[in-house]
4 protein chains.
Amino acid sequence: MTTAAETEAPRAARPRADALRNRERIVTAAREVFVESGNDVPLDEIARRAGVGNATLYRHFPDRAGLVHEVVVSVIARTCEQAERAAAEEADSFDAVRRFVHAAADERIGALCMMLSGDFDKDHPDLTAGRERLDAAVLDLVERAQSAGRMRSDVTVLDLLLALSQLTRPLPGIQCLNADRFVHRHLQLLLDGFEAPARSELPGEAATLEALRPTP
Amino acid sequence: MTTAAETEAPRAARPRADALRNRERIVTAAREVFVESGNDVPLDEIARRAGVGNATLYRHFPDRAGLVHEVVVSVIARTCEQAERAAAEEADSFDAVRRFVHAAADERIGALCMMLSGDFDKDHPDLTAGRERLDAAVLDLVERAQSAGRMRSDVTVLDLLLALSQLTRPLPGIQCLNADRFVHRHLQLLLDGFEAPARSELPGEAATLEALRPTP
Amino acid sequence: MTTAAETEAPRAARPRADALRNRERIVTAAREVFVESGNDVPLDEIARRAGVGNATLYRHFPDRAGLVHEVVVSVIARTCEQAERAAAEEADSFDAVRRFVHAAADERIGALCMMLSGDFDKDHPDLTAGRERLDAAVLDLVERAQSAGRMRSDVTVLDLLLALSQLTRPLPGIQCLNADRFVHRHLQLLLDGFEAPARSELPGEAATLEALRPTP
Amino acid sequence: MTTAAETEAPRAARPRADALRNRERIVTAAREVFVESGNDVPLDEIARRAGVGNATLYRHFPDRAGLVHEVVVSVIARTCEQAERAAAEEADSFDAVRRFVHAAADERIGALCMMLSGDFDKDHPDLTAGRERLDAAVLDLVERAQSAGRMRSDVTVLDLLLALSQLTRPLPGIQCLNADRFVHRHLQLLLDGFEAPARSELPGEAATLEALRPTP
DNA sequence: TATGAATGAGATTTCATTCAT
DNA sequence: CATGAATGAAATCTCATTCAT
């Protein structure tokens with residue numbers, strides 16, 4: 001006879017409650033620290049901020065790349081959720097885009113840029129899956145707005161995600177209270193550019209995420 | 001009997017030709033490498049790329065901060081030059097803004113973001129002077145375009161410079177041939193936002209560079 | 001249910017036994033190596049002699065100055081102990097001085113000279129406290145001997161400590177078995193000078209440790 | 001037909017006047033800097049203090065050891081001169097010892113200790129010759145004083161030279177105006193110990209310079 | 001399991017020595 | 001000859017990762 005908990009996770013030994021809490025705290029601390037201080041903070045700093053010993057971090061993640069991987073995946077997932085919620089809850093199709101953009105900024109999607117620079121496995125299935133899900137969710141937002149004539153038809157999903165990520169990328173040395181306000185200002189300006197009817201014809205080439213792969 | 005050269009500058013020996021060439025090569029290599037691989041490349045890598053020994057680098061720049069300082073100052077100066085040239089040579093006031101924005105991207109103004117994160121003296125007179133000159137030159141561009149009704153009046157110099165820097169910031173891991181093309185696309189989108197008559201009222205607060213100072 | 005030990009000190013984990021042992025071994029090795037080879041030995045050499053990796057040394061002492069600080073403090077403390085023991089255990093007051101002088105030599109008090117030349121914080125509270133305690137202990141020895149008419153009244157504590165330190169200062173290049181014997185010979189000669197009734201009047205100025213502070 | 005100058009130094013090309021002056025300035029600067037800042041100052045610092053380029057230093061001395069060698073030899077020679085002059089000019093035999101001791105201190109004989117630690121050839125003929133001449137000169141002083149019953153008979157030349165060197169050794173970190181006064185105070189105390197009739201029998205073993213040779 | 005400690009590999013910086021002007 | 005510049009080797013210090021309690 002087995003308990004309900006054992007039934008839900010039958011393949012691995014049931015993780016202890018404090019272990020799960022530690023794991024969560026480490027990922028959260030890492031996200032914050034990466035945003036604040038950049039990608040090259042010592043892992044000891046992250047462990048300290050999470051309130052755990054450094055070896056505990058290694059129990060949960062095999063190496064630095066593993067931790068970065070987890071943070072990236074979690075940021076993508078949270079951003080994805082925002083995209084889906086915006087699509088579901090906003091009546092106007094361009095308002096949905098707007099809401100997503102600002103929400104993604106608050107989820108620190110910009111930190112992804114920084115972390116892509118680290119040497120971790122960018123072809124890991126988790127990442128591919130996450131990107132695909134995010135692409136799909138954003139594509140939904142974009143297509144709806146474009147079909148409704150609310151967004152320029154030459155703007156691609158990749159344009160949106162790239163520009164968004166870059167504009168919200170943290171400036172590790174610069175911590176001041178109204179930095180966020182600037183970011184949202186700039187996003188609004190960008191969105192105004194997206195909304196405007198096309199004046200100058202952009203090179204409307206088909207843009208995909210693959211286009212950004214490093215050339216080997 | 002002495003030659004004219006000896007008579008004219010007897011006390012301060014002119015710097016040697018090869019030393020000047022080396023200094024130039026180091027700064028150039030550093031600019032390239034910082035853009036390619038981020039702010040935390042080993043100095044040995046820069047020295048190697050410049051074709052000099054690592055100690056030569058230290059003869060010219062007292063430490064890493066000194067080198068970053070030099071690169072930052074040089075990028076600012078080159079960008080400034082582009083602003084002044086655009087103002088002088090373009091007939092249309094918004095075309096001047098456009099030309100400056102794309103030229104600044106090519107001068108790697110985005111690398112400034114990355115380098116501002118490094119720990120070097122951000123209050124050095126050289127930097128202050130450079131920023132002031134750049135601010136003035138860009139203010140000239142912006143005010144002309146706004147007076148002519150070609151640019152939204154709620155866009156500030158700081159908006160322009162910050163968004164421009166962020167959008168052109170290098171993605172150290174990602175080197176591919178058409179990354180630049182994406183950047184210029186996004187700049188065009190942003191400029192379209194700048195050009196459009198104001199639709200949503202932006203919070204028109206007076207924005208200055210001081211606003212980005214870290215809070216002490 | 002918790003054990004008594006866990007109950008008594010629950011908040012500050014006691015330092016690990018092996019860490020304490022390592023710390024002790026590093027300080028001991030440093031004291032030896034500084035005496036043997038001078039103040040500018042590589043820290044790697046000290047770590048090797050202590051049988052630990054170099055980074056272990058840096059875990060215990062933040063930098064070279066930190067290690068030198070610790071060695072200086074420990075030598076002062078050990079010397080101090082010798083002074084107090086000599087005062088307590090010797091019947092004759094000048095014998096106590098003699099015993100202290102030779103014991104201080106064996107504690108390598110001379111190494112202090114060498115280490116004072118290194119660039120570490122000479123105004124650290126630990127050092128100030130140590131010096132004061134040592135001064136007090138030696139002053140006790142000196143005053144007793146002088147009150148008993150066993151020591152020249154114009155010899156000050158600072159004279160004793162300085163001359164003692166200089167005469168016992170290690171000669172880093174010179175390691176031979178009877179170097180110590182020479183040192184003790186010279187100390188005896190000096191003590192004979194101290195014991196003799198004053199013949200030539202020395203400039204009896206009040207001498208304090210402050211007199212040796214570098215002029216700013 | 002040759003000039004007188006060429007006749008006097010026929011084997012090597014006659015050194016130019018400015019070269020000689022430079023050589024002298026380098027040795028003087030080195031002596032000062034070694035006393036002030038210890039044995040491990042950069043050669044560039046010495047060159048700067050001498051007002052010459054670093055390469056000029058290397059033109060005169062093949063390497064750092066060569067420079068140290070020259071300084072050591074020169075200090076020994078100057079000290080030797082003081083010994084001979086004291087012997088010649090002082091009426092009282094112990095006054096001659098006293099005068100020599102204080103003069104040697106002023107010639108920075110203590111710096112020899114520091115430099116013996118550097119890795120230079122301690123068996124070079126120049127050094128051996130210098131030491132022998134110095135030993136002879138000081139032996140003359142000592143024997144006269146002992147024959148006249150003015151100095152304890154158990155004090156050897158080596159005792160005198162070693163104690164003198166140690167007591168006058170510079171403390172590189174400590175530069176203050178009356179440091180010299182302390183040194184001379186201590187020398188006086190030591191001399192008083194030398195002058196006193198022997199009270200405690202010292203271990204009168206024959207002491208020679210050879211006794212200090214490092215054990216191989 | 002969680003932790004503080006230990007470690008070697010690598011980055012920054014210095015300096016004795018050589019080179020080119 | 002004299003010099004500023006260049007250089008590699010070595011020293012200091014950091015950090016991702018492993019070990020032992």
Side-chain angles (χ1 to χ4, degrees), chain A residues 13 15-16 18-19 22 40-48 51-67, chain B residues 13-23 40-47 51-67, chain C residues 13-23 26 40-47 50-67, chain D residues 13 15-19 22-23 40-48 51-67:
Chain A
R16 289 184 355 192
D18 58 345
N22 273 345
D40 51 352
V41 282
L43 290 191
D44 282 14
E45 166 80 7
I46 293 173
R48 207 172 45 70
V52 303
N54 60 353
T56 302
L57 195 152
Y58 277 91
R59 176 160 303 274
H60 289 284
F61 307 99
D63 53 9
R64 169 177 265 269
L67 176 59
Chain B
R14 68 197 157 160
R16 273 211 247 154
D18 57 345
L20 278 181
R21 196 174 55 245
N22 273 343
R23 186 185 172 90
D40 51 354
V41 280
L43 292 191
D44 283 15
E45 166 79 9
I46 294 175
V52 303
N54 61 352
T56 301
L57 197 152
Y58 281 91
R59 162 171 291 271
H60 288 284
F61 307 100
D63 52 10
R64 170 178 270 271
L67 176 59
Chain C
R14 68 199 158 159
R16 272 213 247 154
D18 58 346
L20 278 182
R21 195 174 56 246
N22 273 342
R23 188 186 171 89
I26 291 170
D40 49 355
V41 281
L43 292 191
D44 284 12
E45 166 80 9
I46 293 174
V52 302
N54 61 351
T56 300
L57 196 152
Y58 281 94
R59 162 170 290 270
H60 288 284
F61 307 100
D63 52 10
R64 168 178 271 272
L67 176 59
Chain D
R16 287 184 356 192
D18 57 346
N22 274 345
R23 186 185 172 89
D40 50 353
V41 282
L43 291 190
D44 282 14
E45 166 81 7
I46 293 173
R48 206 173 45 69
V52 303
N54 59 353
T56 302
L57 196 153
Y58 277 89
R59 175 160 301 278
H60 288 284
F61 306 100
D63 54 8
R64 169 178 264 270
L67 175 59

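Hydrogens, waters and symmetry mates are skipped; everything else that's a heavy atom, side chains included, is used. Note on naming: letters A, B, ... go to the chains in the order of the sequence lines (proteins, then strands), and numbering restarts at 1 for each one.
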Next on the checklist: Taking the nucleotide of DNA chain F with the nearest heavy atom to each, does C:D63 or A:R64 sit closer to the 5' end?
Outcome noted: C:D63
Next on the checklist: Restricting to salt bridge (Lys or Arg N to Asp or Glu O under 4.0 Å), what partner residues turn up for B:D40, sequence neighbours left out?
Outcome noted: none
Item to check | Euclidean distance, atom CG of residue A:L67 to atom P of F:dC15 [Å, nearest integer] | outcome: 16 Å
Next on the checklist: Measuring only between side-chain heavy atoms, which start at C-beta, is A:L57 closer than 4.5 Å to A:I46?
Outcome noted: yes
Item to check | Residues which pass side-chain hydrogen bond (donor to acceptor under 3.5 Å, both in side chains) with C:R21, listed by chain and number, not counting sequence neighbours | outcome: none
Next on the checklist: Once salt bridge (Lys or Arg N to Asp or Glu O under 4.0 Å) is applied, do any residues pair with C:R59, and if so which ones, sequence neighbours excluded?
Outcome noted: none
Next on the checklist: Go nucleotide by nucleotide along DNA chain E from the 5' end; which of B:D18 and B:V41 gets its closest nucleotide reached first?
Outcome noted: B:V41
Next on the checklist: I need the CG-C1' distance between D:L57 and E:dT18, as an integer number of Å.
Outcome noted: 14 Å
Checklist outcome for this item: So CG of D:N54 and CD of D:E45: to nearest 0.5 Å the spacing works out to 12.5 Å
Checklist entry - Taking atom C1' of E:dT14 as reference, at what distance in whole Å does atom CZ of B:F61 sit? => result 18 Å
Checklist entry - Can you name the closest pair of heavy atoms from D:Y58 and D:L43 and give their distance? => result OH-CD1, 3.2 Å
Item to check | Rounded distance (Å) that lies between atom C1' of F:dG4 and atom OH of D:Y58 | outcome: 15 Å
Checklist outcome for this item: note: B:D44, atom CG; F:dA10, atom C1'; distance rounded to Å ~ 13 Å
Checklist entry - Rounded to the nearest Å, what distance is computed from the CD1 atom of residue C:I26 to the C1' atom of nucleotide E:dT7? => result 12 Å
Next on the checklist: Rounding to an integer number of Å, can you tell me how far C:N22 CG sits from F:dT21 P?
Outcome noted: 11 Å
Check nucleotides 8-10 of chain E for protein N or O atoms closer than 3.5 Å to its own N or O atoms and list the pairs.
unit_1, atom_1, unit_2, atom_2, d
E:dG8, N7, C:N54, OD1, 3.4

Next on the checklist: Rounded to whole Å, please give me the gap between CZ in B:R23 and P in F:dA5.
Outcome noted: 11 Å
Checklist entry - Stem ranges for DNA chain E, with three or more consecutive Watson-Crick or G-U pairs under 3.5 Å? => result E:2-21 with F:2-21
Checklist entry - From the list F:dG4, E:dT12, F:dT17, which nucleotide is the closest neighbour of the side chain of B:R59? => result F:dG4
Next on the checklist: Taking only side-chain N and O atoms of C:H60, does any of them lie within less than 4.0 angstrom of OP1 or OP2 on E:dA6?
Outcome noted: yes
Checklist outcome for this item: Those residues at least two apart in sequence (or on a different chain) that pass side-chain hydrogen bond (donor to acceptor under 3.5 Å, both in side chains) with A:R64 are none
Next on the checklist: Walk me through whether B:T56 and B:H60 qualify under side chain to side chain contact (heavy atoms under 4.5 Å, CB included).
Outcome noted: CA-CA 7 Å; B:T56 301; B:H60 288 284; 4.0 Å; yes
Checklist entry - Would you call C:V52 and C:I26 a side-chain contact if the rule is heavy atoms closer than 4.5 Å? => result yes
